[in-house]
Protein chains: 2
Amino acid sequence: MRRGIKISKYHVKVEVKLKPGHVDSEGLTAKEALTDIGYEVEEVSTAKVYEIDLKANSLSEAESIADEMCRKLLANPVKDNYKVEVERSE
Amino acid sequence: MRRGIKISKYHVKVEVKLKPGHVDSEGLTAKEALTDIGYEVEEVSTAKVYEIDLKANSLSEAESIADEMCRKLLANPVKDNYKVEVERSE
């Protein structure tokens, strides 16, 4: 009997952040707004998080799918850095 | 000699996410786009991350400043949940 491939559910967390040197306009806006309401802040930067539930045959497959999703769609290779965290959810 | 209050630098990480039940249009858009390029995904949700460098007298003060920033500006109490992580940076 061929050993069936067991599909499992994985939870992927992707954080996409501007590479150093790129102007973070949202960060600047937030810094200004915080300063306007009286806070003293040195630096404000922003990032985008995507949480994705997907099915895969293994943790490593889920990680490579997630990485591919970033390179193809979720992160702009020119201006963004991204980091991926994957954990099995079921 | 009065004990001087020592100001330290803290790094705050705030993650703002829609409360359950609110439509995550960015998540839906990302899900559609991932599906269009051939990925099978079950669920996609998004969140906003702010990273803030600030000065405070103590870790607890930095935490309460960060929490206040969320309640006053960074998170909309009606539709957003937020979580705060603070660590001393200097």
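Numbers restart at 1 for each chain; the letters A, B, ... are given by sequence-line order, proteins then strands. Given the structure is predicted, the values throughout are model-derived calculations rather than measurements.
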Colleague: Could you pull out all residues at least two apart from D80(B) that satisfy side chain to side chain donor-acceptor pair (under 3.5 Å)?
Modeller: none
Colleague: Is L73(A) close to chain B through its backbone or its side chain, or both, or neither, when contacts mean heavy atoms under 4.5 Å?
Modeller: side chain
Colleague: How would you list, in number order, the residues of residues 14-24 of chain B that have a heavy atom less than 4.5 Å from chain A?
Modeller: E15(B), K17(B)
Colleague: Heavy atoms under 4.5 Å from chain B: which residues of residues 38-50 of chain A carry them?
Modeller: Y39(A), E40(A), V41(A), E42(A), E43(A), V44(A), S45(A), T46(A), A47(A), K48(A), V49(A), Y50(A)
Colleague: Is K79(B) atom NZ crowded by more than 12 heavy atoms from other residues, nucleotides or ligands, each under 6.0 Å away?
Modeller: yes
Colleague: If contact means a heavy atom pair closer than 4.5 Å, which residues of residues 54-65 of chain A contact chain B?
Modeller: L54(A), K55(A), I65(A)
Colleague: Below 4.5 Å from any heavy atom of chain A, which atoms of L34(B) appear? Answer side chain, backbone, both or neither.
Modeller: both
Colleague: Among I37(A), I52(A), V12(A), L74(A), single out the residue with the greatest number of heavy-atom pairs under 4.5 Å to chain B.
Modeller: I52(A)
Colleague: Considering the options E51(B), E87(B), E85(B), which one meets the side-chain hydrogen bond (donor to acceptor under 3.5 Å, both in side chains) requirement together with H11(B)?
Modeller: E51(B)
Colleague: Please state whether the side chain, the backbone, both or neither of K31(B) comes within less than 4.5 Å of a heavy atom of chain A.
Modeller: neither
